[in-house]
There are 2 protein chains.
Amino acid sequence: MATTIKDIARKTGVSHSTVSRALSGNSAISFQTSEKIRAAAQEMGYQPSAAARSLKTNRSNAIGVILSNVADPFFSEIVFGIEECALEAGYSLFIAASQHEPGREKKIVQAMMEHRTDGVILCSSSFSSEQGFQLLKYGFPIVVVNHQAAENFHYSIYHDDIDGSRQITRHLIELGHKQIAYLGNTLSGRTTLDRLHGFELEMKSAGLPIYGNLIHNENGGDAINGYQSVETFLKVQPRPTAIICFNDMMAIGVLKALDSAGVKVPEEISVTGFDNISMSAFTSPALTTLDQPKRSIGKEACQLLLSLIRTQENNPSIEPKEKILKGKLLVRQSTAKPNSRSI
Amino acid sequence: MATTIKDIARKTGVSHSTVSRALSGNSAISFQTSEKIRAAAQEMGYQPSAAARSLKTNRSNAIGVILSNVADPFFSEIVFGIEECALEAGYSLFIAASQHEPGREKKIVQAMMEHRTDGVILCSSSFSSEQGFQLLKYGFPIVVVNHQAAENFHYSIYHDDIDGSRQITRHLIELGHKQIAYLGNTLSGRTTLDRLHGFELEMKSAGLPIYGNLIHNENGGDAINGYQSVETFLKVQPRPTAIICFNDMMAIGVLKALDSAGVKVPEEISVTGFDNISMSAFTSPALTTLDQPKRSIGKEACQLLLSLIRTQENNPSIEPKEKILKGKLLVRQSTAKPNSRSI
DNA sequence: TATCGTAGTGCACACGTGTGCATTGGAGAT
DNA sequence: ATCTCCAATGCACACGTGTGCACTACGATA
């Protein structure tokens with residue numbers, strides 16, 4: 001059994017209350033006693049019991065992070081930011097992945113409730129509203145990150161996808177592209193719609209037409225989904241001179257498929273990604289993409305949650321807050337002027 | 001405040017002991033009473049307090065997972081396997097990343113101790129032996145995964161890197177390669193040594209010489225490290241006809257650098273990866289690699305840990321166990337017969 | 001009818017920590 | 001010498017759950 005404050009009390013000849021106070025830095029305890037107790041605690045390898053402390057203080061010093069998939073490189077980077085911030089503040093992370101499976105979602109929510117997590121960060125693009133409602137009902141402070149149904153939650157951190165998508169589109173338009181395709185991911189709901197919207201806005205503002213057969217959605221955001229989509233785009237006549245992909249992973253799949261089909265990028269078709277995952281610098285050609293400040297997003301989400309947790313104790317109602325971060329266009333080698341051949 | 005068993009007791013007119021027993025399925029409680037209590041619990045949205053339960057039972061139903069980096073695609077897949085197994089068994093995951101920083105390592109170990117994690121899975125290729133010793137001393141059941149200093153721990157899950165590397169090397173030899181380079185990652189300690197060893201064994205068994213200037217190590221296992229290494233290899237005369245990379249990420253960097261240098265893969269140089277991260281299927285050319293059963297590794301690690309946790313209660317000393325899983329060669333497009341041009 | 005066994009339930013304590021209040025002792029003021 | 005005050009510490013209870021033991025009531029047995 002681990003040593004407890006009672007063990008320390010016995011050894012130093014004081015009451016356990018005194019030990020508790022000394023270790024928490026209560027100034028009522030004399031310096032000598034405190035020192036003696038601290039020394040004993042150190043020597044005995046004392047580690048406070050989070051369970052006992054939680055029980056008493058009603059604070060778990062843990063926050064829950066819900067992802068859709070642990071292995072997604074985009075969300076991994078966000079978790080990186082969250083973790084950095086949390087560890088520094090002395091919080092531990094319960095991480096769980098929903099895998100878009102209702103059964104798992106339910107289990108995860110239950111686990112968060114049982115552990116009385118101090119708050120929850122919801123990084124899952126799709127999370128059933130039923131379970132989301134459970135979380136809200138339980139009274140968790142919740143921060144959602146790039147979530148599709150943000151209107152249900154009061155606090156959120158967002159990337160400005162509309163703006164980002166406009167930047168990408170503008171870049172292509174400035175290069176001279178007119179026949180631009182958009183490849184979306186239905187699974188990511190609002191995010192893909194925002195990016196599509198930004199694309200459309202920018203096209204309209206440039207006076208360019210939007211062709212319905214150049215907008216295509218896949219049911220997933222992995223490389224394989226991008227790969228599969230290319231067949232569709234290559235059939236369209238006239239062929240698009242550029243493809244705006246929902247994210248980098250899909251763009252990587254698109255690059256691969258185009259390479260297999262013998263279509264040169266960027267000479268015949270330009271391709272853009274979104275997110276700037278670390279891999280995107282190492283494709284051939286290197287991907288032009290939108291650099292989303294992933295780590296900052298995670299950090300901001302965590303900071304917001306921590307401030308919610310702190311203020312909740314005093315003032316239960318703070319006004320809703322939505323923070324929107326902007327990304328930055330990153331021009332690399334997968335985009336160029338359209339070639340007359342392909343028009 | 002959340003509802004407790006006392007609230008349920010008050011509402012149903014029984015003692016809290018009865019509620020406790022009813023909810024835990026104790027057969028001493030009559031069926032009618034149990035039903036009444038279960039109904040009330042359901043209606044009142046009761047969720048047991050993990051803290052209180054932990055305090056009493058001395059089991060936290062949480063296991064700690066220590067990574068070096070949350071965003072590493074290889075370990076992410078392992079975590080995937082762990083999570084799957086853990087959630088199913090009703091365990092939650094405390095995940096933390098050491099980032100190779102001693103300060104963080106210390107904090108992480110402390111957090112695990114305070115939360116009285118039921119066990120720890122150590123997935124960090126490098127973890128200071130000092131902190132590892134702290135974990136052992138505290139008495140955690142520990143399972144290490146692909147860890148460099150496994151001899152310090154009693155339970156481990158391994159991938160057979162020597163065998164895997166031999167498979168890769170044999171494949172290249174069978175294609176006719178003689179001048180094969182090995183690109184290592186010093187940060188990963190034993191793992192890179194095993195892979196180097198497998199390479200050397202297979203070369204020797206084929207009667208081929210190993211050139212010292214064809215073995216090169218970088219200080220990291222990311223794409224950028226692979227990218228940087230190519231300069232060195234291209235200087236060597238005669239130039240290698242194949243490069244065996246420590247992992248897929250480095251191989252991706254190597255592919256990129258070779259492409260930039262105008263060297264054709266696989267016509268002029270063959271390149272192999274290791275791990276089979278999902279991305280490796282989408283490079284151009286697609287990477288020949290060793291498919292490591294990452295998810296199985298995670299699952300096995302978790303299962304082993306759970307069995308340790310269960311048996312520890314009865315029998316404190318089980319014999320050390322080391323499980324070694326073998327990977328499978330995956331031949332794709334980045335390897336081919338050596339071209340006479342490049343010899 | 002007295003005794004016994006048993007099914008069903010409550011009592012009381014424990015887990016480790018935190019905290020309001022009471023208690024003690026000593027120094028300073030009158 | 002007595003009183004006052006304050007610094008330092010202990011006492012006792014609480015948090016929510018689990019569990020050994022005692023107790024009650026009721027049917028079965030002698």
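Quick note on labels: first sequence line is chain A, next is B, and so on, each numbered from 1.
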A.B. asks: Output yes when at least one side-chain N/O atom of A:Ser17 is less than 4.0 Å from OP1 or OP2 of C:dT19, else no.
C.D. replies: no
A.B. asks: State plainly whether the residues A:Arg104 and B:Glu83 are in salt-bridge range, i.e. N to O under 4.0 Å.
C.D. replies: yes
A.B. asks: Does D:dG16 have its OP1 or OP2 closer than 4.0 Å to a side-chain nitrogen or oxygen of B:Ser49?
C.D. replies: no
A.B. asks: Please work out if B:Ser24 contacts a base, only the sugar-phosphate, or nothing of the nucleic acid, heavy-atom cut-off 4.0 Å.
C.D. replies: nothing
A.B. asks: Counting distance only, does the side-chain N/O of A:Thr117 pair as donor-acceptor with the main-chain N or O of A:Val120 below 3.5 Å?
C.D. replies: no
A.B. asks: Quickly work out the B:Asn61 CG to D:dG16 C1' distance and round it to whole Å.
C.D. replies: 16 Å
A.B. asks: Whole-Å distance between C:dC15 C1' and A:Asp7 CG?
C.D. replies: 13 Å
A.B. asks: Counting N and O atoms only, with roles assigned by atom type, does the side chain of A:Ser188 sit under 3.5 Å from a partner on the main chain of A:Thr191, one being a donor and the other an acceptor?
C.D. replies: no
A.B. asks: As a test of reading the structure: which of D:dG16, D:dT9, D:dT17 is closest to the side chain of B:Tyr46, going by heavy atoms?
C.D. replies: D:dT17
A.B. asks: Could you pick out which residue, B:Ala28 or A:Ile5, lies toward the 5' side of DNA chain C when each is mapped onto its nearest nucleotide?
C.D. replies: B:Ala28
A.B. asks: Could you check which of C:dT17, D:dG10, C:dG10 has an atom nearest any side-chain atom of A:Ser15?
C.D. replies: D:dG10
A.B. asks: What is the distance, to the nearest angstrom, from the CD1 atom on B:Ile29 to the C1' atom on D:dT19?
C.D. replies: 12 Å
A.B. asks: Could you tell me whether a side-chain N or O of A:Ser54 sits under 3.5 Å from a main-chain N or O of A:Arg59, the two making a donor and an acceptor?
C.D. replies: yes
A.B. asks: D:dT17 P sits how many Å from B:Asn26 CG, rounded?
C.D. replies: 16 Å
A.B. asks: According to a strict under-4.0 Å criterion, is B:Thr4 in side-chain N/O contact with OP1 or OP2 of D:dG16?
C.D. replies: no
A.B. asks: Would you indicate which nucleotide in C:dG20, C:dC15, C:dC13 comes nearest to any side-chain atom of A:Arg21?
C.D. replies: C:dG20
A.B. asks: Side-chain N or O of A:Ser20 versus OP1/OP2 of C:dG18: is the shortest distance under 4.0 Å?
C.D. replies: yes
A.B. asks: Looking only at side-chain N and O atoms, does B:Ser30 come under 4.0 Å of OP1 or OP2 in C:dT9?
C.D. replies: yes
A.B. asks: Expressed in angstrom and rounded to an integer, what is the separation of B:Arg116 atom CZ from C:dT17 atom C1'?
C.D. replies: 11 Å
A.B. asks: Between B:Arg53 and D:dG18, does any side-chain N or O lie under 4.0 Å from OP1 or OP2?
C.D. replies: yes
A.B. asks: Quick check against the 3.5 Å criterion: does A:Ser128 have a side-chain atom that pairs as donor or acceptor with the backbone of A:Pro102?
C.D. replies: no
A.B. asks: Pick the closest DNA chain C nucleotide for B:Lys56 and for B:Thr18 by heavy atoms, then say which residue is nearer the 5' end.
C.D. replies: B:Thr18
A.B. asks: If I take atom CG in residue B:Leu55 and atom P in nucleotide D:dG16, what distance separates them, rounded to the nearest angstrom?
C.D. replies: 12 Å
A.B. asks: Base, sugar-phosphate, or nothing: which does A:Thr33 touch, judged by heavy atoms less than 4.0 Å apart?
C.D. replies: sugar-phosphate
A.B. asks: Strictly below 4.0 Å, N to O, side chains only: are B:Arg295 and B:Glu84 in salt-bridge contact?
C.D. replies: no
A.B. asks: Mind calculating the distance between CZ (B:Arg59) and P (C:dC15) to the nearest angstrom?
C.D. replies: 19 Å
A.B. asks: What about A:His16: does its side chain form a donor-acceptor pair under 3.5 Å with the base of C:dG16?
C.D. replies: no
A.B. asks: If I take atom NZ in residue B:Lys6 and atom C1' in nucleotide C:dG10, what distance separates them, rounded to the nearest angstrom?
C.D. replies: 14 Å
A.B. asks: Nearest to the side chain of A:Val14 - D:dG10, D:dT17, D:dC15?
C.D. replies: D:dG10
